[in-house]
Amino acid sequence: MEPNHIQSPKTKSGNLPLFSMIVGVFALFACMSPPMQLLFGSTALIIAYLSRQGRPMSGPAVAGTIMGICGILCSFVMLGFYVLTIRMMDNPDFVAMQREIMKQYQDMFDAFGVK
C-alpha cells in the first residue's frame with residue numbers, strides 16, 4: 001500500500017510582489033517630482049494587485065501597496081505645496097519675504113564658494 005502524500009500547491013509568487021515593493025520605494029523617493037511620484041505610486045499599486053493571482057497578498061506586495069498609496073498621497077501634497085508657492089510668488093505682499101529668502105540662499109552659496 002502506498003502512502004497517501006498530500007502535496008500542497010506550489011506557492012510560487014514570482015517577482016511581481018518584489019517589483020511592486022521596489023517601485024513603491026521609488027515612489028517615496030521621487031518626492032520632488034509629483035508627476036513621477038504619482039506614476040510610480042500607481043504602478044506599484046497595479047503591480048501589487050496583479051501579483052495576487054487569486055491568493056492573498058504576500059508581504060512585499062503589501063509593502064508595495066502601502067508605499068504606493070503613500071507615494072500618491074505625497075504627490076498630491078507636493079503638488080499643493082508647489083501651487084501654494086507659485087500663488088505666493090504672484091502676490092505683491094510677499095515680495096519682501098521672497099527677497100529675504102533669495103538673499104539667504106545667496107549668502108549660503110557664497111559661504112560654500114558656489115558661483
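Quick caveat, the model's predicted, so the values are computed rather than measured.
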Do Ser33 side-chain atoms and Ala30 backbone N/O form a donor-acceptor pair below 3.5 Å? no
If you round to the nearest 0.5 Å, how far is CD1 of Ile22 from OG1 of Thr43? 13.5 Å
I'd like to know if Ile86 and Leu84 are part of one continuous hydrophobic network [Ile/Leu/Val/Met/Phe/Trp/Tyr, side-chain heavy atoms within less than 4.5 Å]. no
Under a 4.5 Å side-chain heavy-atom rule over Ile, Leu, Val, Met, Phe, Trp and Tyr, are Met36 and Leu28 clustered together? yes
I want to check something: taking the side chain as every heavy atom from C-beta on, are Ile101 and Tyr105 in contact at a cut-off of under 4.5 Å? yes
Check this for me: Phe81, atom CZ, are more than 12 non-hydrogen atoms of other residues, nucleotides or ligands nearer than 6.0 Å? no
Cluster check Phe40, Leu18: I/L/V/M/F/W/Y, side chain < 4.5 angstrom: yes
Looking at CG of Asp110 and NZ of Lys103, how far apart are the two atoms once the value is rounded to the nearest 0.5 Å? 9.5 Å
Shared hydrophobic cluster for Met21 and Phe29 (ILVMFWY, side-chain gaps under 4.5 Å): yes
I'd like to know if Leu16 and Phe26 are part of one continuous hydrophobic network [Ile/Leu/Val/Met/Phe/Trp/Tyr, side-chain heavy atoms within less than 4.5 Å]. yes
Check: Ala44 main-chain N/O paired with Ser20 side-chain donor or acceptor under 3.5 Å: yes
Output a table of donor-acceptor pairs, distance under 3.5 Å, between side-chain atoms of residues 60-79 and any protein atom two or more places apart or on a different chain; print 'none' if there are none.
from, atom 1, to, atom 2, distance (Å)
Thr65, OG1, Ala61, O, 2.8
Ser75, OG, Ile72, O, 2.6

